[in-house]
Amino acid sequence: PPAELLDFVTHTTCPIVHAADDISVMETLEALPYVINSAKAITKGKPYHIGPTSIPARDNPYGAGVAANPGNGRVCLTDMDPRQRGLFGAAWTLGYVAALAGSAASVAIGSVIGPQGMIYRKADYAQPGFDGGKAEVYPLYHVVAGLAGASGAKRVAATSADPSTIAAVAHRGKDGPVLWLANLTSEPKKAKVEGFKGAASIQAVDLSNYGKALTDPKLLSKGAKTVKKLGTVELGPYAVIRIAAA
């Protein structure tokens, strides 16, 4: 691109272009550092933004349109993917932000409503588990709302010993560090957390409170579990947890 003529550079990505199974979609997060390095190499230091990005495809660069998905399946290059609405979507989103932290000037996630959205609305396609109930938001809403609330905060370096399994991103809160972790797998995991001094509060979006995560947009603003000393934490399948200094 003619970088000297541009104020900034932006692009989006899509995790269901070549394969749409769960493992492959999560593995796309491992490619992001290489995408970032390539983009920065050709943009000559211009501010670098990414998004809007979600699991569903916004467009099909290889055909006339996106693929149909009337059965709510795992389908390549479709603009409606059921995982956007589940815990999988919340974990993938946290993993996406974690992979970009410190590299992009801003990250835009999906949209507010619709198949790339985070707030439930009845649509012209079936949404099992949401239609006919009291659902208001998808689980990823809590991730995006929580991270958006930290906009402008100082990023704190957070390193995962196994980033393909557990994603980590952190920032400085009013009382100390705030750490987000996401289990990127379908199996329960344990993580030993270091870097916190004293008490900490822990909140989760996982199978244990999945129903509340759909009906209570303020889920992460209440009901925190406080521990006197932080050690090992457990993350259920595709769980997201937020740990804050207390």
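Keep in mind the model is a prediction, meaning the values are calculated, not measured.
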Exercise. If you measure from CE on Met118 to OH on Tyr138, what distance do you get to the nearest 0.5 Å?
Worked result: 11.0 Å
For this session: For the pair Ser24 (side chain) and Asp21 (backbone), establish whether a donor and an acceptor sit closer than 3.5 Å, ignoring hydrogens and angles.
Result: no
For this session: Only counting residues at least two apart or in another chain, list the ones meeting salt bridge (charged side-chain N to carboxylate O under 4.0 Å, His left out) with Arg74.
Result: Asp22
Exercise. Would Tyr238 and Ser186 satisfy side chain to side chain contact (heavy atoms under 4.5 Å, CB included), going step by step from the backbone distance to the final call?
Worked result: CA-CA 6 Å; Tyr238 302 122; Ser186 60; 3.6 Å; yes
Problem set entry | Backbone of Ala213 reached by a side-chain donor or acceptor of His142 within 3.5 Å | yes
Problem set entry | Plane angle bin for His18 and Tyr62 - parallel if under 30°, tilted between 30 and 60°, otherwise perpendicular | tilted
Problem set entry | From Arg58 atom CZ to Thr13 atom OG1, the distance as rounded to the nearest 0.5 Å | 11.0 Å
Problem set entry | From Leu77 atom CG to Asn60 atom CG, the distance as rounded to the nearest 0.5 Å | 4.5 Å
For this session: Could you walk me through whether Lys189 and Glu234 pass side chain to side chain contact (heavy atoms under 4.5 Å, CB included), step by step?
Result: CA-CA 6 Å; Lys189 298 294 179 182; Glu234 297 184 3; over 6 Å; no
For this session: Mind checking the CG-CG spacing from Leu87 to Asp206? Nearest 0.5 Å is all I need.
Result: 7.0 Å
Seminar exercise, completed: Note: with side-chain heavy atoms under 4.5 Å as the link, the other cluster members for Leu6 come out as Val9
Exercise. Between Thr10 and His49, is there a donor-acceptor pair closer than 3.5 Å when you use the side chain of the first and the backbone of the second?
Worked result: yes
Exercise. What about the rings of Tyr141 and Tyr120, do their centers lie closer together than 6.0 Å?
Worked result: no
Problem set entry | Side-chain (Gln127) to main-chain (Arg121) donor-acceptor, under 3.5 angstrom | yes
Exercise. In Å and rounded to the nearest 0.5 Å, what is the NE2 to CZ distance from His171 to Arg155?
Worked result: 12.5 Å
Problem set entry | Verify same cluster id: Val75, Ile55 (apolar side-chain graph, 4.5 Å) | no
Exercise. With sequence neighbours left out, what residues match Asp216 under salt bridge (charged side-chain N to carboxylate O under 4.0 Å, His left out)?
Worked result: Lys222
Exercise. Hey, what do you get for CD (Gln116) to OG (Ser111), rounding to the nearest 0.5 Å?
Worked result: 5.5 Å
Exercise. Between the side chain of Gln203 and the main-chain N/O of Leu220, is any donor-acceptor distance below 3.5 Å?
Worked result: yes
Exercise. For Leu230, which fellow cluster members are found when Ile, Leu, Val, Met, Phe, Trp and Tyr are connected by side-chain heavy-atom distances below 4.5 angstrom, either directly or through intermediates?
Worked result: Ile166, Leu179, Leu181, Val193, Phe196, Ile202, Val227, Val233, Leu235, Ile241, Ile243
Exercise. Between Asn209 (side chain) and Ala204 (backbone), is there a donor-acceptor pair under 3.5 Å?
Worked result: yes
For this session: Show which residues join Met80 in its hydrophobic cluster (side-chain heavy-atom contacts under 4.5 Å, direct or indirect), or state none.
Result: Tyr125
Exercise. Using links of under 4.5 Å between side-chain heavy atoms of ILVMFWY residues, direct or through other members, which residues join Leu5 in one cluster?
Worked result: none
For this session: Determine, using the 4.5 Å side-chain heavy-atom cutoff (strictly less than), whether Val143 and Val156 are members of one ILVMFWY cluster.
Result: no
Exercise. When hydrophobic residues are tied together by side-chain contacts of less than 4.5 Å, even through go-betweens, does Phe8 share a cluster with Ile50?
Worked result: no
Exercise. Can you list the steps and then say if Arg172 with Val178 is a side chain to side chain contact (heavy atoms under 4.5 Å, CB included)?
Worked result: CA-CA 6 Å; Arg172 183 67 58 184; Val178 178; over 6 Å; no
Problem set entry | Distance-only side-chain donor-acceptor flag, Arg83 / Asn72, under 3.5 Å | no
Exercise. Judged by atom type as modelled, is there a donor-acceptor pair below 3.5 Å linking the side chain of Thr43 to the main-chain atoms of Ala39?
Worked result: yes
Exercise. For the hydrophobic clusters of this structure (ILVMFWY residues joined by side-chain heavy atoms under 4.5 Å, transitively), does one cluster hold both Val17 and Leu32?
Worked result: no
Exercise. When you look at Asp162 and Ser160, which way does the side chain to side chain donor-acceptor pair (under 3.5 Å) test go after all the steps?
Worked result: CA-CA 5 Å; Asp162 187 2; Ser160 170; over 6 Å; no
Exercise. Are the side chain of Asp79 and the backbone of Val66 linked by a donor-acceptor contact shorter than 3.5 Å?
Worked result: no
Exercise. So, Trp92 versus Phe88, ring centres under 6.0 angstrom or not?
Worked result: no
For this session: Please check if any side-chain donor atom of Thr53 sits under 3.5 Å from a side-chain acceptor atom of Thr12, or the reverse.
Result: yes
For this session: For the pair Thr215 and Glu136, evaluate side chain to side chain contact (heavy atoms under 4.5 Å, CB included) and give the outcome as yes or no after the intermediate values.
Result: CA-CA 5 Å; Thr215 59; Glu136 295 187 29; 5.6 Å; no
